[in-house]
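Just so you know, these numbers come straight off a predicted model, no measurement behind them.
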Protein chains: 2
Amino acid sequence: MFQHMSKARHPESVDLDLPRILHALSDPGRLEMLSTLADGVERTCGELGSDQPKSSASHHFRILRDAGLIRTRVKGTNHYNSLRTEEVEARFPGLLDAVLSAWRTSR
Amino acid sequence: MFQHMSKARHPESVDLDLPRILHALSDPGRLEMLSTLADGVERTCGELGSDQPKSSASHHFRILRDAGLIRTRVKGTNHYNSLRTEEVEARFPGLLDAVLSAWRTSR
DNA sequence: TCGTTGGTTCGATAATTATCGAACTAAGGA
DNA sequence: TCCTTAGTTCGATAATTATCGAACCAACGA
């Protein structure tokens with residue numbers, strides 16, 4: 001009885017948990033993915049995590065998804081990821097901007 | 001040949017590492033400590049971590065210190081901790097404010 | 001000098017997270 | 001129907017982090 005991605009959870013905005021979000025953000029690879037997504041363009045997993053094994057990339061996507069930072073839309077055999085900008089912003093104003101611009105200046 | 005706290009490291013502002021900082025922030029207890037320190041008042045370890053065993057509290061202080069988020073000043077037998085507000089702000093503008101106000105609204 | 005106080009460090013154990021090959025699955029195309 | 005593509009899930013192992021009692025240490029006061 002396992003859930004495949006097609007039924008994956010995306011927590012409601014209200015349920016976003018700050019420590020969980022900060023943990024998801026505490027990894028260079030994941031920050032890089034989010035930074036890429038920050039332009040609002042959807043991207044497939046392959047486009048974002050091509051520098052590592054598929055299972056590793058998938059793991060990191062899951063962390064981000066479970067934290068509520070990205071949404072994954074399944075279309076055919078592709079999984080399109082997008083940043084949940086407005087929802088995170090509504091719950092934690094300024095957080096995403098601060099983190100992503102911090103990342104860009106320190107990279 | 002061990003280093004006691006009196007010679008503990010406090011990383012230079014320039015060396016602040018974002019993933020490390022975000023990891024340090026990804027714990028409710030540590031967020032609570034920082035939130036308390038945000039008023040600018042120095043506090044001893046005992047005042048901040050009285051809800052847990054000394055060794056656990058000390059561990060969390062170390063994480064925060066190593067990340068460069070707090071400074072620990074030793075005076076007599078007391079260790080006074082303060083938030084490194086300006087330094088973190090200078091390196092990562094808006095980050096601390098965003099995280100701490102996010103924490104306060106979600107607690 | 002002895003005890004106390006405030007906190008660190010050690011050491012052992014538990015818990016969480018990361019990594020990645022291999023098996024799997026759903027969708028699409030030939 | 002068979003093959004391929006894109007990505008997930010499993011399973012095993014390694015690495016990191018957390019927890020906390022116990023030993024320790026430096027400063028202070030009696």
Side-chain angles (χ1 to χ4, degrees), chain A residues 1-10 17-34 36-37 42-67 69-82, chain B residues 1-10 17-34 36-37 42-67 69-82:
Chain A
M1 280 202 22
F2 296 107
Q3 297 216 321
H4 204 266
M5 236 315 300
S6 49
K7 292 179 182 177
R9 358 189 115 267
H10 292 93
D17 179 62
L18 187 65
R20 178 181 289 266
I21 285 181
L22 294 171
H23 172 256
L25 291 168
S26 71
D27 176 87
R30 294 193 292 252
L31 281 170
E32 197 56 41
M33 292 173 177
L34 292 183
T36 302
L37 288 176
E42 286 189 319
R43 286 181 182 79
T44 65
C45 298
E47 291 174 295
L48 287 172
S50 51
D51 54 328
Q52 52 195 327
K54 295 199 299 179
S55 52
S56 302
S58 188
H59 166 71
H60 291 298
F61 284 116
R62 187 195 224 290
I63 302 284
L64 293 172
R65 204 158 43 226
D66 288 354
L69 289 168
I70 64 174
R71 185 175 296 282
T72 304
R73 179 175 68 88
V74 182
K75 181 70 179 294
T77 129
N78 292 304
H79 292 53
Y80 293 97
N81 301 107
S82 55
Chain B
M1 277 199 28
F2 298 109
Q3 294 218 325
H4 205 265
M5 238 315 301
S6 50
K7 291 180 182 178
R9 355 190 119 271
H10 293 94
D17 178 62
L18 186 66
R20 178 180 290 266
I21 285 181
L22 293 172
H23 172 255
L25 291 168
S26 70
D27 175 89
R30 294 192 293 251
L31 281 169
E32 198 54 42
M33 293 173 177
L34 292 183
T36 303
L37 287 176
E42 286 188 320
R43 287 183 180 78
T44 64
C45 298
E47 291 174 295
L48 288 173
S50 50
D51 54 328
Q52 51 195 327
K54 294 198 300 179
S55 52
S56 302
S58 188
H59 167 70
H60 291 298
F61 284 117
R62 187 194 222 289
I63 301 285
L64 292 172
R65 204 159 42 226
D66 287 354
L69 290 168
I70 64 174
R71 186 175 295 282
T72 305
R73 181 176 67 88
V74 182
K75 182 69 180 293
T77 129
N78 292 305
H79 292 53
Y80 293 97
N81 300 108
S82 55

Would you please confirm or rule out a distance under 4.0 Å between OP1 or OP2 of [N] and any side-chain N or O of [X]?
X       : N      : answer
A:Ser55 : C:dC20 : no
A:Thr44 : D:dG7  : yes
A:Arg30 : C:dT17 : no
B:Arg73 : C:dG6  : no

By nearest nucleotide on DNA chain D, pick out whichever of A:Asn78 and A:His59 is the more 5' one.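 By nearest-heavy-atom nucleotide position, the 5'-most residue is A:Asn78.
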
Assign each of B:Lys75 and B:His60 to its nearest nucleotide of DNA chain D by heavy atoms, then name whichever residue's nucleotide is nearer the 5' end.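 Result: B:His60.
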
Tell me the interatomic distance from [X], atom [atom1], to [N], atom [atom2], rounded to whole angstroms.
X       : N      : atom1 : atom2 : value
A:Gln52 : C:dG21 : CD    : C1'   : 15 Å
A:Arg62 : C:dA18 : CZ    : P     : 12 Å
B:Asp27 : C:dT17 : CG    : C1'   : 15 Å
A:Asp66 : C:dT16 : CG    : P     : 15 Å
B:His79 : D:dC28 : NE2   : P     : 12 Å
A:Lys54 : C:dA22 : NZ    : P     : 13 Å
B:Leu48 : C:dG6  : CG    : P     : 14 Å
B:Asn81 : C:dG6  : CG    : C1'   : 12 Å

Got a donor-acceptor contact below 3.5 angstrom from the [X] side chain to the [Y] backbone?
X       : Y       : value
B:Asn78 : B:Tyr80 : no
B:Arg43 : B:Thr36 : yes
A:Ser58 : A:Ser55 : no

Could you pull out the closest heavy-atom pair between A:Leu31 and A:Leu25, with the gap in Å? CG-O, 3.2 Å

How long is the gap from CD on B:Glu32 to CG on B:Asp27, to the nearest 0.5 Å? 10.5 Å

Side-chain atoms of A:Cys45 come closest, of D:dC20, C:dT8, D:dT8, to D:dT8

Can you tell me which nucleotide in D:dT8, C:dA18, D:dG21 comes closest to the side chain of A:Phe61? D:dT8

Identify, between A:Thr77 and A:Ser56, the residue whose nearest nucleotide on DNA chain C lies closer to the 5' end.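 That would be A:Ser56.
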
